[in-house]
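Okay, structure first, notes after.
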Amino acid sequence: MKIEKLHCPNPVMDSEVITLGHGSGGLLTNRLLDSKVFEILKNEFLEKADDAAEFQLEGKTIMSTDSFVISPIFFPGGNIGELAVNGTVNDVAMCGGIPKYLSLSFVLEEGLAMEEFEKILQGIKVACDRSDVKVITGDTKVVDKGKGDKIFVNTTGIGELHPESNLSYNRIKPGDSVILSGEMANHGIAILSVREGLEFDTDLESDTVNLNHLVRKMLDHFGDKIKFMRDPTRGGLSSALNEVAQKTQLGIDIVEERIPVKRQVRAACEMLGLDPLYVANEGIFML
């Protein structure tokens with residue numbers, strides 16, 4: 001009987017794509033975290049490399065969590081990483097919070113290009129710096145090829161409640177005005193333009209941006225004169241207004257010609273049979 005010596009091959013340390021080994025919890029996982037995640041997002045919390053983060057907040061706390069699944073993961077004006085940070089920061093801000101910290105978790109699909117993952121991390125870094133928030137804990141998992149859509153991102157945002165905030169459906173009364181901070185449907189149509197191969201006379205980009213600094217200034221100045229805020233993301237402005245109407249049992253008069261919509265966005269919506277007031281936004285709010 002012939003006995004052969006068996007041995008496991010050494011892992012490829014400098015792979016150009018995500019492999020299942022990057023999710024094993026071993027050497028490749030540590031290398032991925034150290035050379036990519038921790039290196040790009042480094043701060044005093046991540047330097048400890050603990051399974052949890054210790055931090056302190058003053059007063060009441062606001063927390064929001066969200067998961068981001070989008071195709072394509074890169075789009076005009078941003079990528080899924082920026083979108084995840086901005087979306088969660090804005091959710092905290094819409095509740096009257098001052099965002100401070102984020103948890104950040106990835107589900108990576110085997111075969112995702114390492115270069116793409118690094119670009120997403122760079123986008124997260126830029127969005128965190130603009131929002132003045134820090135990633136303090138997180139997790140990374142890898143699934144087999146074909147069982148994901150390149151990358152899924154989960155974030156949880158934590159912040160302090162603004163001392164002048166008093167936001168509630170219950171405070172909305174007949175005669176109140178609805179104010180919009182910007183143009184409708186830019187994000188949703190920017191995504192669809194890539195997905196459907198549409199071209200426009202001028203570049204159309206997602207409006208994904210953090211809103212927390214603007215919201216904080218408004219709360220500093222107007223305080224509890226602001227009764228309610230919402231960022232009309234999935235479902236667009238109409239869905240957000242319908243939610244308010246349902247909760248308050250009040251009707252809302254919409255002056256459609258005063259709702260700002262770019263010419264290219266309106267044309268694309270007509271082409272695709274969409275109503276721009278139902279298309280997703282990422283960088284505006286209504287109050």
Side-chain angles (χ1 to χ4, degrees), residues 60 62-70 83-84 86-99 155 157 159 161-162 164-192 206-212 214-263 265-287:
K60 291 186 177 180
I62 295 285
M63 183 175 77
S64 179
T65 191
D66 207 347
S67 296
F68 295 83
V69 180
I70 190 169
L83 187 67
N86 291 336
T88 303
V89 162
N90 293 346
D91 284 346
V92 172
M94 291 300 105
C95 295
I98 303 169
T155 48
L161 184 67
H162 191 288
E164 299 299 322
S165 173
N166 184 16
L167 304 176
S168 171
Y169 284 113
N170 297 329
R171 299 189 61 230
I172 299 174
K173 302 298 180 186
D176 287 346
S177 296
V178 180
I179 300 172
L180 304 177
S181 69
E183 297 169 325
M184 298 292 106
N186 288 349
H187 173 74
I189 294 303
I191 299 294
L192 284 172
S206 167
D207 61 357
T208 179
V209 71
N210 62 294
L211 300 169
N212 56 313
L214 175 58
V215 170
R216 184 171 184 175
K217 288 179 180 178
M218 293 179 65
L219 288 172
D220 286 344
H221 186 75
F222 294 106
D224 67 358
K225 291 181 181 178
I226 300 174
K227 299 181 177 182
F228 178 78
M229 303 184 76
R230 179 71 81 239
D231 53 338
T233 50
R234 278 185 304 173
L237 178 63
S238 287
S239 294
L241 292 174
N242 281 329
E243 182 183 354
V244 171
Q246 185 179 31
K247 294 283 188 180
T248 62
Q249 294 297 295
L250 296 172
I252 301 173
D253 291 328
I254 300 173
V255 185
E256 193 167 359
E257 60 269 19
R258 295 182 64 181
I259 298 175
V261 181
K262 273 191 171 75
R263 177 181 57 83
V265 170
R266 194 176 297 279
C269 286
E270 290 177 359
M271 193 184 312
L272 296 169
L274 300 173
D275 184 338
L277 302 191
Y278 279 97
V279 176
N281 309 276
E282 284 294 344
I284 67 163
F285 60 87
M286 70 174 201
L287 60 85

Query raised in the report: Taking it one step at a time, do Glu164 and Ile226 satisfy side chain to side chain contact (heavy atoms under 4.5 Å, CB included)?
Result: CA-CA 10 Å; Glu164 299 299 322; Ile226 300 174; over 6 Å; no

Report task. Please say whether more than 12 non-hydrogen atoms of neighbouring residues, nucleotides or ligands are located less than 6.0 Å from CZ in Arg234. Result -> no

Requested in this report: Sort out for me which residue in Asn281, Asn186, Asn86 forms a side chain to side chain donor-acceptor pair (under 3.5 Å) with Thr208.
Outcome: Asn86

Please report the shortest heavy-atom distance between [X] and [Y], naming the atom on each side.
X      : Y      : answer
Ala268 : Ile189 : CB-CG2, 3.7 Å
Glu282 : Gly87  : OE1-CA, 4.2 Å
Asp207 : Glu183 : OD2-O, 4.2 Å
Pro99  : Ala93  : CG-N, 4.4 Å
Ala190 : Ser206 : CB-N, 3.5 Å
Glu243 : Arg230 : OE2-NH2, 3.3 Å

With a 4.5 Å cut-off on side-chain heavy atoms, are [Y] and [X] touching?
X      : Y      : answer
Met94  : Leu167 : no
Ile284 : Pro232 : yes
Val215 : His162 : no
Met184 : Val265 : no
Glu257 : Val255 : yes

Does [X] use its side chain to pair, donor to acceptor, with the backbone of [Y] at less than 3.5 Å?
X      : Y      : answer
Ser165 : Asp224 : no
Asn90  : Val209 : yes
Ser181 : Phe285 : yes

For the atom pair [atom1] ([X]) and [atom2] ([Y]), what is the distance rounded to the nearest 0.5 Å?
X      : Y      : atom1 : atom2 : value
Asp176 : Thr248 : CG    : OG1   : 9.5 Å
Asp275 : Glu270 : CG    : CD    : 10.5 Å
Asn166 : Leu161 : CG    : CG    : 9.0 Å
Leu277 : Leu237 : CG    : CG    : 5.5 Å
Ile191 : Ile70  : CD1   : CD1   : 3.5 Å
Lys247 : Ile172 : NZ    : CD1   : 11.0 Å

Report task. May I have the step-by-step check of side chain to side chain contact (heavy atoms under 4.5 Å, CB included) for Arg258 and Leu180, ending in yes or no? Result -> CA-CA 10 Å; Arg258 295 182 64 181; Leu180 304 177; over 6 Å; no

Query raised in the report: Given Val244 and Val178, is the side chain to side chain contact (heavy atoms under 4.5 Å, CB included) satisfied, shown in steps?
Result: CA-CA 11 Å; Val244 171; Val178 180; over 6 Å; no

